[in-house]
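Read through the structure below, which is laid out as structure tokens, and then see the notes.
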Amino acid sequence: MSAAAVSSRLPVFPWDKLEPYKATAAAHPDGIVDLSVGTPVDPVPELIRRALVAAADSPGYPTVWGTVALRDALTGWVERRLGARGVTHRHVLPVVGSKELVAWLPTQLGLGPGDRVAYPRLAYPTYEVGARLCGAEPVVYDDPTELDPAGLRLLWLNSPSNPTGRVLSQDELTRIVAWARRHGVLVFSDECYLELGWEADPVSVLHPEVCGGTYDGLVAVHSLSKRSNLAGYRAAFLAGDPAVLGELLQIRKHGGMMTPAPVQAATVAALGDDRHVQEQRERYAARRTALRAALEAHGFRVDHSEASLYLWSTRDEPCWDTVAHLAELGILVAPGDFYGVAGERHVRVALTATDERIDAAVKRLG
């Protein structure tokens, strides 16, 4: 099989379609306000940079499982922040950024033709990519408990949601987890925006009220990209079922999927400090308040968006018309159909721009 035969299974890389609109927005006399990709723009906190530099003299290979200090930091954070109990080193595994994990997880789980991978109808595109890379069948859902469990090997949850910012309540999560366990379906819960709840307090699948104090069949995915401005470091981790993580650890050892040693040290520093997370939350909260008011005054309706770094916005028109309209104002946003057909009348507006650029967007919308 050629490499082209694998790439032919995949959808068109969506961001390429945005280039003409980016050019229009960039031509604005005061420059572009890019609210499309959602990449952090604020500085990496000083204590994290210091930890990275202090570990810069790392000539040897790092381990896939990470240092003892890293595993201690992961287990401590999972218990302290998620409310999980009895978390040991066997319950955690560092990964090289969460996108790599999402894309390659079905392959690493040994899934393939005849298996089904389910994810929300409106979702981060990489869930579908992961299914297609291994030849499994991608399946979308509104409520996962209404799926036919036959052949369903992997169920992705995403709360808070990218792109909609919707949060699954504790009751919803408990019901879904019980259903999945009844049918022997492995649940991976993408919780990368958990620290960024605004009108809701997101709950992890690892919370004892949700999982009943056992992590069987459950894994949570967490990232430091958004909470700590570490997208450039590729720092993320898994927590949950030790049987699943043990298997992934063996596979990832053979594949050499190692978080660089300086990044491991930076992760320890980041998870040991809550102050920088609160400061970053406050930055995003101020931008969100200003941008939401400006969008609504401009005739938009903002749906869901009770958490995460996006405003899921609509003018009740095709999303590409909205993209074109905002590009003329020098504002670039992501069309909702990047996240599924159900998003074709929304756009995703990211809060990830500097205060100065957010202020520029607010003025233009006014």
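Hydrogens, waters and symmetry mates are skipped; everything else that's a heavy atom, side chains included, is used.
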- Would H89 and D72 count as a side chain to side chain donor-acceptor pair (under 3.5 Å) if you check the C-alpha gap in whole Å, the side-chain angles of each, and the deciding distance to 0.1 Å? CA-CA 7 Å; H89 286 195; D72 282 345; 2.7 Å; yes
- Message: Taking A270's backbone N and O only, do any of them form a donor-acceptor pair with D273's side chain (distance below 3.5 Å, no angle check)?
- Response: no
- Cut-off 3.5 Å, side chains only: do R166 and S159 have a donor facing an acceptor? no
- Kindly work out whether a path of hydrophobic side-chain contacts (I/L/V/M/F/W/Y, heavy atoms less than 4.5 Å apart) joins V302 to Y310. yes
- Hey, is CZ on R85 packed in by over 12 heavy atoms from elsewhere, all under 6.0 Å? no
- Item | Heavy-atom pair of closest approach, residues T39 and T352 | O-CB, 3.3 Å
- Note on the structure: So CD of E191 and CG of L173: to nearest 0.5 Å the spacing works out to 7.5 Å
- Message: Grouping I, L, V, M, F, W and Y whenever their side-chain heavy atoms are under 4.5 Å apart, do W179 and L154 come out in a common cluster?
- Response: no
- Query: Going by an N to O cut-off under 4.0 Å, is there a salt bridge joining R80 and D274?
  - Reply: yes
- Task: Taking the six-membered ring for Trp and the full ring for Phe, Tyr or His, determine whether the centres of W312 and H304 are under 6.0 Å apart.
- Result: no
- Task: Could you go through the side chain to side chain donor-acceptor pair (under 3.5 Å) check for Q280 and R283 one step at a time?
- Result: CA-CA 5 Å; Q280 190 59 42; R283 288 187 196 107; 2.4 Å; yes
- Aromatic ring proximity, centroids under 6.0 angstrom, Y141 and Y119: no
- Does NZ or CZ of R71 come closer than 6.0 Å to the centre of the six-membered ring of W65, within 45° of the ring's axis? yes
- Should V96 and L101 count as side-chain neighbours, where that means a heavy-atom distance under 4.5 Å? no
- Message: Between E79 and G86 (side chain of the first, backbone of the second, donor and acceptor by atom type, cut-off under 3.5 Å), is there such a pair?
- Response: yes
- Return yes if a side-chain donor-acceptor contact under 3.5 Å exists between N162 and Y339, otherwise no. no
- Message: Could you go through H207 and S204, starting from their C-alpha distance and side-chain angles, then the distance that decides it, and tell me whether this counts as side chain to side chain donor-acceptor pair (under 3.5 Å)?
- Response: CA-CA 5 Å; H207 191 282; S204 172; over 6 Å; no
- Side-chain donor/acceptor of R234 to backbone N/O of T259, under 3.5 Å: no
- Message: For Y215 versus D241, what's the shortest heavy-atom pair and its separation?
- Response: O-CB, 3.2 Å
- Given T145 and R175, is the side chain to side chain donor-acceptor pair (under 3.5 Å) satisfied, shown in steps? CA-CA 8 Å; T145 67; R175 178 175 62 84; 2.9 Å; yes
- Query: Parallel, tilted or perpendicular: which fits the ring planes of H222 and F237, with parallel below 30° and perpendicular above 60°?
  - Reply: parallel
- Item | R315 and E296 ion-paired at < 4.0 Å | no
- Message: Just verifying a value: how many Å separate L218 CG and C211 SG, rounded to the nearest 0.5 Å?
- Response: 6.5 Å
- Query: Is R357 paired with D30 through a side-chain N to carboxylate O contact shorter than 4.0 Å?
  - Reply: yes
- Query: Only one of T322, D316, L311, T314 clears side chain to side chain contact (heavy atoms under 4.5 Å, CB included) with F300; which?
  - Reply: T322
- For the rings on W156 and Y124, is their centre-to-centre separation under 6.0 Å? no
- Query: Would Y127 and V117 count as a side chain to side chain contact (heavy atoms under 4.5 Å, CB included) if you check the C-alpha gap in whole Å, the side-chain angles of each, and the deciding distance to 0.1 Å?
  - Reply: CA-CA 8 Å; Y127 305 128; V117 175; 5.9 Å; no
- Any sub-3.5 Å donor-acceptor pair from D57's side-chain atoms to P59's backbone N or O? no
- Mind checking whether V95 and L109 sit in one hydrophobic cluster, side chains of I, L, V, M, F, W, Y counted as touching below 4.5 Å? yes
- Is there side-chain contact between I176 and L157, with at least one heavy-atom pair below 4.5 Å? yes
- Task: Indicate yes or no: does D42 engage R287 in a salt bridge with an N to O separation below 4.0 Å.
- Result: yes
- Message: Does either side chain, that of S169 or that of D171, offer a donor lying less than 3.5 Å from an acceptor on the other one?
- Response: no
- Task: State, to 0.1 Å, how close A123 and P163 come at their nearest heavy-atom pair, and which atoms those are.
- Result: N-CD, 4.0 Å
- Message: Do L52 and V44 sit in one hydrophobic cluster, given that two such residues count as connected whenever their side-chain heavy atoms are within less than 4.5 Å of each other, even indirectly?
- Response: yes
- Item | Exceeds 12 heavy-atom contacts within 6.0 angstrom, atom CH2 of W77 | yes
- Message: Taking A55's backbone N and O only, do any of them form a donor-acceptor pair with S58's side chain (distance below 3.5 Å, no angle check)?
- Response: yes
